[in-house]
Engineer: 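Quick one: the structure is below, and I'll ask about it shortly.
Letters A, B, ... are given to chains in the order of the sequence lines, protein chains preceding strands, and every chain is numbered from 1.
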Amino acid sequence: MPDATQTDTDDPAEPTGDDAEPTAPQPTLEGEYDPREAEQRWQEYWLEAGVYSYDDEIENPDTAYSIDTPPPTVSGSLHMGHLYGSTLQDFAARFHRMSREDTFFPFGYDDNGIASERLTERELDIRHQDYSRREFQEKCREVCQEYEAEFTEKMQGLGMSIDWDRTYKTIEPRVQRISQLSFLDLYEQGREYRKKAPAIWCPDCETAISQVEMEDADRDSAFNDVAFELVEAGSEPDAEAVASATEERPYAPPTEPGDDLVISTTRPELLPACVAMFVHPDDDANAHLVGGTAKVPLFDHEVPIYEDDRVDLDTGTGLVMCCTFGDQTDIEWYQAHDLDLRVAIDASGTMTDIAGEYEGQSTEAAREQIIEALDDAGILLDHDPITHAVQVHERCEVPVEYRVSKQWYVEILDRKEEYLAAGREMDWYPEKMFTRYEHWIEGLEWDWLISRQRDSGIPFPVWYCADCDEPIVADREDLPVEPIEDEPPVDACPACGHEDFEAEEDVFDTWATSSLTPLINAGWDWDAAADPETGIGPATLDQGAFTLDNPELYPFDVRPQGHDIISFWLFHTVVKCYEHTGEVPFESVLINGHVLDENREKMSKSKGNVVTPEEVMDEFPVDAARFWAAGTAVGDDFPFKEGDLEAGERLLRKLWNASKLVDQLAPIDSAPPGSDGTDSGSAAEQPDLEPIDEWLLARQDAVLESVTEKFADHEYAKARTELRTFFWETFCDDYLEIAKQRLDDVERGALSDGTANPAASSAAYALRTAHRNFCLLFAPILPHVTEEIWQASYGQTTATDSLHTTDWPSPTGQTADLDAGETALSVISALRGYKTDSGLPLNADLSAATIYGDVAGFEGAIGDVMHVGSVTSKDGEAPTTTEIVGVNLDYATLGPEFGEQIGEFDAAIDAGEYEETDDGLAIAGETLDPDHYELVREQTYDGEGELLEADGATVIVEA
RNA sequence: GGGUUCGUGGUCUAGUUGGUUAUGACGCGGCCCUUACAAGGCCGAAAUCGGUGGUUCAAAUCCGCCCGAACCCA
């Protein structure tokens with residue numbers, strides 16, 4: 001932990017008394033902004049004051065904004081992905097907390113499952129096999145608790161507006177109950193079944209796992225060409241095909257009994273498990289083998305030879321052995337051809353008695369010995385080392401096996417269309433991510449395997465009849481149950497009357513619980529006394545119903561998720577919640593990309609390019625990191641760039657300094673009523689505004705509207721840029737520079753004694769209104785610095801205890817001539833350019849400027865800011881000599897009308913062959929309507945002063 | 001191997017009913033201590049929009065192919 005996060009002893013955030021309500025610290029705008037001190041002070045205050053606690057009493061779903069945060073696995077420390085993902089969620093949370101009645105922003109820890117078991121084993125250097133389930137679970141909780149506490153502290157240090165009273169752990173009893181209720185409900189609905197079938201198996205963790213828990217890993221291996229012995233062929237060989245294959249292939253096709261039948265395998269230890277051979281239907285040279293048999297070397301059992309188009313003709317020898325089980329194709333063949341089971345590898349990856357003398361060996365050891373034995377016997381015809389991708393368990397990186405075992409499944413393949421439709425009902429940010437979900441569902445081939453042979457996890461609430469294997473499920477009232485310790489709810493088997501039972505020892509897949517977070521967050525439960533008609537979801541029993549403690553939360557407004565895991569996590573959640581409630585659990589999905597290093601490469605320990613949140617927080621304010629996080633389109637991966645954080649830091653400083661200036665120019669106790677935030681601008685108290693002030697507020701209205709829209713659409717990068725540009729360039733560089741001149745010392749004095757002139761009152765009002773709105777608009781992205789400024793400026797005069805529970809601003813409704821304002825700014829810009837070009841300082845006095853153009857009402861402002869003695873504006877053309885030097889065509893309208901003639905126009909313009917007539921532009925035999933072109937003129941001026949051209953105006957300036 | 005997304009000044013990025021003059025930031029060069037901020041202000045240089053072929057009067061934008069990257073699924 002960096003000790004710099006410790007506060008000074010005179011920290012104003014310290015609670016003043018035992019039972020006193022926390023009071024907001026009272027910062028001032030003195031000196032420089034110190035983010036390190038201020039950020040921690042506010043984080044502590046926000047927690048103490050309960051600024052983020054969700055108001056339970058809300059009933060209208062439309063006024064509550066609910067976020068279903070996916071609980072992180074607590075198996076490690078916080079990384080940049082957590083920082084980035086949570087910050088995006090926090091933008092949404094803070095924006096909606098201000099613009100709606102309240103926001104529900106919970107937090108969960110996923111401490112249930114293999115990840116936390118492995119963590120515990122690693123941390124305590126123990127093996128789960130050495131403990132009872134209960135003992136081991138205790139140890140898991142102890143270890144996880146430490147990690148959770150650390151995680152919580154770090155999340156709080158990032159200023160997340162999470163309601164920490166709304167947290168859950170996936171292992172806690174309430175969640176266990178929900179998880180078991182979910183199992184029972186799906187079982188009652190006939191959506192779950194238990195079946196003995198091949199399943200993906202991790203021999204290290206000794207459990208079944210699902211497809212999604214596998215990943216590819218490159219491993220060294222070898223192709224071993226092994227000779228089987230042909231016992232008999234199925235039919236007469238095609239002599240011609242055999243002859244040509246003998247030329248082209250490394251091994252001649254076997255034709256007579258006793259001939260070598262050569263296969264190529266990377267897993268010779270599966271020879272004892274071989275149950276069949278396969279030939280491709282198009283393989284004429286081997287077609288005669290089909291229907292025959294072959295003898296497995298070393299183990300000497302005979303296996304049948306079949307044909308199947310799943311044989312890969314491009315690799316190996318064209319002949320394939322099928323074992324129990326080497327890969328998924330073996331399973332398909334086992335099912336399609338009704339093959340035997342020969343189990344040579346047990347649950348722990350050890351060879352069984354079927355492997356004969358290799359019994360008791362590990363698969364790796366058996367492989368080496370078998371290769372040696374084959375070589376000794378002269379039937380290892382080739383050994384070719386390769387590196388290839390094997391499927392490993394993502395948690396332990398051990399290659400998986402396929403084993404037949406009894407497992408529980410959730411049926412999903414029959415409802416793919418419905419789940420697809422459910423996906424379409426949600427708004428996807430960004431939209432393109434829906435395609436990924438769509439393809440994923442379309443490609444599903446297996447039902448969802450939910451049972452795991454592990455210790456830490458939520459048990460299945462099931463017993464089986466010891467005689468007939470009938471499943472007995474627990475009563476809903478009794479949940480959560482632990483079948484190993486608890487008794488089943490019946491005395492005799494309802495199917496056969498037998499009175500002994502066996503407990504189900506398996507636990508749920510982590511995802512079976514992780515996919516229930518919307519129900520956990522909304523307080524889903526079974527109420528035996530409830531009327532089935534009033535419950536949530538399809539009624540499966542005559543009595544009682546499922547209910548929600550906070551029905552206004554469901555469906556949740558948004559589900560955030562990293563793009564790498566949307567497929568299965570999001571999909572499973574949609575499936576389960578949809579089945580339980582009949583509704584899609586989310587209105588929208590917000591998908592974030594990955595944080596890359598500054599060279600756009602994935603951060604990884606092996607590359608040594610990992611940047612940790614701790615390192616970032618050590619060097620930069622939290623608000624600066626948030627500014628960076630707001631910097632790209634949602635869904636895109638983006639690089640970690642220090643430059644962006646430095647830019648964020650500069651923005652904090654600019655906000656602070658600008659606030660200081662606003663405070664000097666329009667001190668809060670002398671500002672006109674209605675502009676201090678207590679009552680934001682009721683018309684009666686608003687002074688008559690000068691054009692420049694109307695213009696600023698009208699511009700801010702437009703920005704407000706646009707930024708609000710962008711926040712609502714999760715377009716944080718655009719909101720950030722638009723706000724920053726308007727604040728920095730328009731407010732600070734332009735408006736504040738003008739206001740400085742208008743509110744000089746004399747006027748400020750007049751403001752405080754109530755004798756201010758209307759222009760000063762107008763400026764002070766606009767300054768305050770705009771400034772207050774900037775605090776609010778920046779609040780979701782920069783919560784700390786805006787709170788500090790807002791409390792320093794308006795904390796005394798408002799009732800709310802935090803900027804973050806203040807209402808989102810609404811437009812002031814000012815109208816102004818925005819075009820004239822733009823023209824005025826471009827005139828100012830031209831005058832700046834003039835000073836720069838003439839080598840004059842920007843505050844050099846100029847005697848006069850004459851503006852030909854519409855800057856109605858802004859002359860004074862221009863004169864003030866550019867220090868021009870006299871500014872006058874005139875209608876009409878400037879007294880210049882103009883020369884036509886070219887033509888700008890409006891291609892958008894000319895194109896459709898004239899088509900390829902446009903080329904002729906362009907050529908004529910280049911050659912100077914055109915003429916303006918009363919009817920329009922005569923060119924290339926046509927006369928163009930004045931709407932379709934604009935003449936480019938060059939002005940020259942030989943009078944007093946110098947000519948400047950600005951957008952929409954011409955200026956004559958005199959030094 | 002299949003799919004999805006993407007490629008714009010040195011770096012990051014805006015930019016689709018196609019409209020000729022491509023946005024901004026960081027960085028870079030020059031000037032300015034103007035009484036909030038020099039960690040600031042002003043001015044400027046810098047991209048033939050991955051390559052190529054096509055559609056079109058007109059392409060960063062639409063289509064084909066190629067190159068490169070990331071992710072998802074086999």
Engineer: Could you tell me whether A:Gln335 atom CD has more than 12 heavy atoms of other residues or ligands within 6.0 Å of it?
Structural biologist: yes

Engineer: Pick the C1' atom in B:G7 and in B:G50, then give their distance to the nearest Å.
Structural biologist: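 It comes out at 6 Å once rounded to the nearest Å.
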
Engineer: Can you tell me which nucleotide in B:G40, B:C12, B:A14 comes closest to the side chain of A:Pro639?
Structural biologist: B:C12

Engineer: Searching all strands shown, indicate the nucleotide that pairs with B:U61 (Watson-Crick or G-U wobble; both distances under 3.5 Å).
Structural biologist: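 Pair assignment: B:U61 / none.
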
Engineer: Please state whether the phosphate of B:U13, meaning OP1 or OP2, lies under 4.0 angstrom from any side-chain nitrogen or oxygen of A:Lys641.
Structural biologist: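 The answer is no; no side-chain N or O of A:Lys641 sits under 4.0 Å from OP1 or OP2.
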
Engineer: Would you mind reading off the distance between A:Ile200 atom CD1 and B:C73 atom C1', rounded to a whole angstrom?
Structural biologist: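 These atoms are roughly 14 Å apart.
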
Engineer: What is the distance from NE2 of A:His867 to P of B:C32, rounded to the nearest Å?
Structural biologist: 17 Å

Engineer: Taking the six-membered ring of A:Phe91 (Phe, Tyr or Trp), confirm whether the NZ or CZ of A:Arg626 is under 6.0 Å from its centre and within 45° of its axis.
Structural biologist: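 No, A:Arg626 does not sit over the ring of A:Phe91.
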
Engineer: How about A:Asn657 and A:Tyr33: does a side-chain donor come under 3.5 Å of a side-chain acceptor?
Structural biologist: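 No, no side-chain donor-acceptor pair sits under 3.5 Å.
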
Engineer: Does A:Trp728 make a side-chain N or O approach to OP1 or OP2 of B:A25 shorter than 4.0 Å?
Structural biologist: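 It does not, given that no N or O in the side chain of A:Trp728 lies less than 4.0 Å from OP1 or OP2 of B:A25.
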
Engineer: Which is true for A:Lys660 with a 4.0 Å heavy-atom rule: it touches a base, it touches only sugar-phosphate, or it touches nothing?
Structural biologist: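 A:Lys660: no heavy atom of the nucleic acid under 4.0 Å.
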
Engineer: Could you tell me whether A:Gly903 contacts a base, only the sugar-phosphate backbone, or nothing, with contacts defined as non-hydrogen atoms closer than 4.0 Å?
Structural biologist: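 No contact.
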
Engineer: What is the base-pairing partner of B:C42, counting Watson-Crick and G-U wobble geometry with both distances under 3.5 Å?
Structural biologist: B:G30

Engineer: Distance check needed: B:A25 P versus A:Leu723 CG, whole Å only.
Structural biologist: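 Rounded to whole Å, this separation is 16 Å.
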
Engineer: Among the candidates B:A36, B:G19, B:A25, find the nucleotide nearest to the side-chain atoms of A:Arg724.
Structural biologist: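 Nucleotide nearest to A:Arg724's side chain: B:A25.
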
Engineer: Just checking A:Arg653: base, sugar-phosphate only, or nothing, at a heavy-atom cut-off of under 4.0 Å?
Structural biologist: base

Engineer: Please give the nucleotide sitting opposite B:G1 as a Watson-Crick or G-U wobble pair, both distances under 3.5 Å, or none.
Structural biologist: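 Matched B:G1 with B:C73 under the 3.5 Å cut-off.
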
Engineer: Is A:Lys740 near enough to B:U35 that one of its side-chain N or O atoms lies under 4.0 angstrom from OP1 or OP2?
Structural biologist: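 False: A:Lys740 side-chain N/O out of range (4.0 Å or more) of B:U35 OP1/OP2.
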
Engineer: Step by step, work out the ring-ring contact (aromatic ring centres under 6.0 Å, His included) result for A:Tyr933 and A:Phe905.
Structural biologist: CA-CA 11 Å; A:Tyr933 67 92; A:Phe905 298 157; over 10 Å; no

Engineer: Ignoring hydrogens and angles, write down the donor-acceptor pairs under 3.5 Å from the side chains of residues 643-654 of chain A, residues two or more places apart or on other chains.
Structural biologist:
none

Engineer: Let me know the distance between CZ of A:Phe731 and C1' of B:G41, rounded to the nearest Å.
Structural biologist: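 The answer, rounded to whole Å, is 17 Å.
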
Engineer: Side-chain donor-acceptor pair under 3.5 Å between A:Tyr716 and A:His714, yes or no?
Structural biologist: yes

Engineer: Kindly determine whether A:Arg310 and A:Asp330 satisfy salt bridge (Lys or Arg N to Asp or Glu O under 4.0 Å), including the steps that lead there.
Structural biologist: CA-CA 10 Å; A:Arg310 280 166 277 207; A:Asp330 286 349; over 6 Å; no

Engineer: Show the numbers, then the answer: is there a side chain to side chain donor-acceptor pair (under 3.5 Å) between A:His784 and A:Asp623?
Structural biologist: CA-CA 7 Å; A:His784 304 83; A:Asp623 280 344; 2.8 Å; yes

Engineer: Using the side-chain heavy atoms of A:Ile902, tell me which of these nucleotides is nearest: B:A36, B:A25, B:G19.
Structural biologist: B:G19

Engineer: Is the shortest side-chain heavy-atom distance between A:Ile412 and A:Phe571 below 4.5 Å?
Structural biologist: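 Sidechains of A:Phe571 and A:Ile412: in contact.
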
Engineer: Would the A:Trp201 and A:Tyr402 ring centres measure less than 6.0 Å apart?
Structural biologist: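 Judged by ring-centre distance (under 6.0 Å), A:Trp201 and A:Tyr402 do not meet the cut-off.
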
Engineer: Classify A:Asn888 by what it touches in the nucleic acid, base, sugar-phosphate, or nothing, heavy-atom distance under 4.0 Å.
Structural biologist: base

Engineer: Would you measure the distance from the C1' atom in B:C33 across to the matching atom in B:G27 and give it in whole Å?
Structural biologist: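 Per the computed distance, 24 Å lies between those C1' atoms.
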
Engineer: With both distances kept under 3.5 Å, what pairs with B:G18, Watson-Crick or G-U wobble?
Structural biologist: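 Here B:G18 is not engaged in any pair, so there is no nucleotide opposite it.
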
Engineer: Does the pair A:His771 and A:Tyr794 meet the rule for a side chain to side chain donor-acceptor pair (under 3.5 Å), with working shown?
Structural biologist: CA-CA 11 Å; A:His771 177 259; A:Tyr794 312 109; 2.7 Å; yes

Engineer: With the sugar-phosphate defined as primed atoms, P, OP1 and OP2, and the base as all remaining atoms, what B/S/- string results for nucleotides 58-63 of chain B, 5' to 3', for protein heavy atoms under 4.0 Å?
Structural biologist: ------

Engineer: Is A:Glu737 touching bases, backbone alone, or none of the nucleic acid, heavy atoms closer than 4.0 Å?
Structural biologist: base

Engineer: In terms of side-chain heavy atoms of A:Arg650, which of B:C57, B:C26, B:U11 is nearest?
Structural biologist: B:C26

Engineer: Sticking with atom C1', work out how far B:U16 lies from B:C12, rounded to a whole angstrom.
Structural biologist: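 It comes out at 22 Å once rounded to the nearest Å.
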
Engineer: Can you name the atoms? Protein N/O to nucleotides 45-49 of chain B N/O, anything below 3.5 Å, with the distance.
Structural biologist:
none

Engineer: Could you tell me whether A:Ala658 contacts a base, only the sugar-phosphate backbone, or nothing, with contacts defined as non-hydrogen atoms closer than 4.0 Å?
Structural biologist: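 Base, at least one base atom sits under 4.0 Å.
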
Engineer: Has the side chain of A:Lys654 got a donor or acceptor that lies under 3.5 Å from a partner of the other kind on the base of B:C37?
Structural biologist: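 Such a pair is found, so the answer is yes.
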
Engineer: With the side chain of A:Ser829 defined as its heavy atoms from C-beta on, choose the nearest nucleotide among B:C26, B:C43, B:C37.
Structural biologist: B:C43

Engineer: Quick one: which of B:A25, B:C43, B:A36 gets closest to the side chain of A:Glu729?
Structural biologist: B:A25

